[in-house]
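Source: prediction; values computed, not measured.
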Amino acid sequence: MFIPNLLSTESGSEGVVRARIVIVEDEPDLRDAVAEYLGAAGYDVATAETAAAARSLVETQAFHLAILDIAMPGEDGLSLGRWLRSKMPIGIIYATAAGTAIDRIVGLELGADDYIVKPYELREVLARVRSVLRRVPQPTELGDRKARTERRSVAFGPFQADLDGRLVTGANGAVIDMAKSEFDVLEVFLTRANRLLTRAAISEAIGFTEDPESSRAVDIRIMRLRKKIETDPANPKFLRTVRGEGYIFSLPARDGN
C-alpha cells in the first residue's frame with residue numbers, strides 16, 4: 001500500500017522531495033490509520049504487513065524513516081531494523097505493546113531512534129516522527145550532496161569523518177560500519193571537540209528529552225561508538241568520561257579543520 005502526501009508538487013512545491021516513511025505493522029486497522037494520518041500531514045507513506053513485504057519495498061524504494069512493530073509473525077521488527085540499517089541511513093521508531101525496559105534496551109543497542117508504546121495516539125506518532133526526521137538527512141539533501149564541492153570533514157587518529165556525507169573511514173580508507181544514531185553522537189562530539197558535554201547537552205543536541213531513559217540511551221550509543229573508534233574501549237583515547245560530569249572528545253588542534 002502506498003499513500004502519497006496531500007501536499008503534492010502540483011500545489012506549488014515543485015521539485016521538493018517529501019520525507020518518505022514506511023510503516024511495518026501486522027494490525028491492518030492500526031497500520032492504515034497511521035498511514036492516512038501521516039499522509040495527511042504531508043509525508044509520502046508506504047505500508048507493509050510483514051518484514052518480508054517491507055524488504056520487497058526497500059529493494060525498489062528509499063525511505064527516510066521506518067515505524068516498525070517489534071512483535072510480528074515471522075521476522076520481528078528488531079531483525080528488520082538491523083537489515084534496514086545495513087541498506088540505508090534511516091531513522092527507526094519501534095512500536096511495542098509491551099513497553100518493557102528490556103525491549104527498549106535491546107532496541108537501543110540495535111540503533112533505535114525512538115520508541116512508541118501501544119496503544120498510542122496518532123498525534124504522538126506524528127510528534128515522534130517529526131523529532132526523528134530532524135535528526136536524519138533532510139529529503140532535499142539526498143540528491144544535493146553529490147554536487148557539493150566543499151564538505152565538512154574532521155580527522156582524528158586514523159579516522160576521517162565526512163560530516164556531510166555521514167561517513168567514517170579508517171586506515172586505508174576502509175568504511176566504518178556505523179548506525180545513524182552512533183554517527184549522530186559522533187557528530188555532536190566532533191563539532192564540539194575538547195569541550196565537556198553533559199548527558200543533558202548531548203541529549204538536547206540529538207533531539208532527546210532529558211530523562212533517565214534518555215541518559216541511558218546516550219550511554220549506550222557512546223559505548224557502541226567507542227567499540228568502533230577506540231583501540232581499547234575500556235581506556236579511550238578520544239571519547240573520555242569525566243566522572244560525575246559527562247564526556248569530552250579529545251581532538252588535538254592539528255587533527256581538526
Side-chain angles (χ1 to χ4, degrees), residues 64 85 88-92 105 108-114 131-138 140-142 144-257:
H64 302 91
R85 278 280 162 74
M88 63 188 72
I90 188 172
I92 293 179
I105 295 303
L108 290 170
E109 291 280 6
L110 296 176
D113 295 290
D114 206 345
S131 176
V132 172
L133 284 174
R134 283 195 293 267
R135 310 198 296 270
V136 300
Q138 293 299 304
T140 52
E141 293 178 355
L142 296 181
D144 293 342
R145 282 183 172 160
K146 292 181 180 179
R148 294 180 183 174
T149 56
E150 294 185 6
R151 306 175 76 93
R152 296 178 303 146
S153 64
V154 180
F156 57 102
F159 302 100
Q160 186 78 29
D162 178 350
L163 300 184
D164 290 319
R166 297 180 65 81
L167 182 72
V168 179
T169 53
N172 302 318
V175 175
I176 306 301
D177 181 22
M178 194 167 291
K180 186 199 74 65
S181 58
E182 295 163 6
F183 192 94
D184 288 345
V185 173
L186 178 63
E187 183 173 14
V188 168
F189 282 114
L190 292 180
T191 55
R192 300 164 178 80
N194 302 316
R195 289 167 50 186
L196 175 64
L197 299 180
T198 63
R199 289 180 178 83
I202 299 168
S203 294
E204 181 179 0
I206 61 178
F208 282 169
T209 300
E210 174 61 12
D211 56 32
E213 188 170 297
S214 293
S215 294
R216 173 60 174 157
V218 168
D219 290 340
I220 289 173
R221 284 160 170 75
I222 287 174
M223 177 184 66
R224 294 202 313 258
L225 188 56
R226 279 175 171 161
K227 291 180 180 178
K228 296 182 178 181
I229 65 172
E230 300 285 0
T231 303
D232 181 2
N235 297 284
K237 171 184 176 183
F238 302 114
L239 214 173
R240 298 186 292 108
T241 300
V242 179
R243 190 175 299 277
E245 297 291 337
Y247 299 94
I248 187 169
F249 197 97
S250 299
L251 186 68
R254 59 186 177 83
D255 282 351
N257 287 0

Name of the residue among N235, L225, L239 meeting side chain to side chain contact (heavy atoms under 4.5 Å, CB included) with E230: L239

Measuring only between side-chain heavy atoms, which start at C-beta, is [X] closer than 4.5 Å to [Y]?
{"X": "K180", "Y": "I92", "result": "no"}
{"X": "L163", "Y": "F183", "result": "yes"}
{"X": "I222", "Y": "F189", "result": "yes"}

Looking only at heavy atoms, what is the nearest atom pair of [X] and [Y], with distance?
{"X": "A161", "Y": "F156", "result": "CB-CE2, 4.2 Å"}
{"X": "D113", "Y": "G91", "result": "OD2-CA, 3.2 Å"}
{"X": "V188", "Y": "A205", "result": "CG2-CB, 3.7 Å"}
{"X": "D177", "Y": "E182", "result": "O-OE1, 4.4 Å"}
{"X": "S250", "Y": "N194", "result": "CA-OD1, 3.5 Å"}
{"X": "R199", "Y": "V218", "result": "O-CG2, 4.4 Å"}

R134 and D114 ion-paired at < 4.0 Å: no

Once you round to the nearest 0.5 Å, how far does [atom1] of [X] lie from [atom2] of [Y]?
{"X": "R240", "Y": "L196", "atom1": "CZ", "atom2": "CG", "answer": "9.5 Å"}
{"X": "R192", "Y": "E187", "atom1": "CZ", "atom2": "CD", "answer": "8.5 Å"}
{"X": "T231", "Y": "K237", "atom1": "OG1", "atom2": "NZ", "answer": "7.5 Å"}
{"X": "L167", "Y": "I176", "atom1": "CG", "atom2": "CD1", "answer": "9.0 Å"}
{"X": "K228", "Y": "M223", "atom1": "NZ", "atom2": "CE", "answer": "11.0 Å"}
{"X": "R224", "Y": "R226", "atom1": "CZ", "atom2": "CZ", "answer": "13.5 Å"}

Whether F238 and F249 hold their rings parallel, tilted or perpendicular, with breakpoints at 30° and 60°: parallel

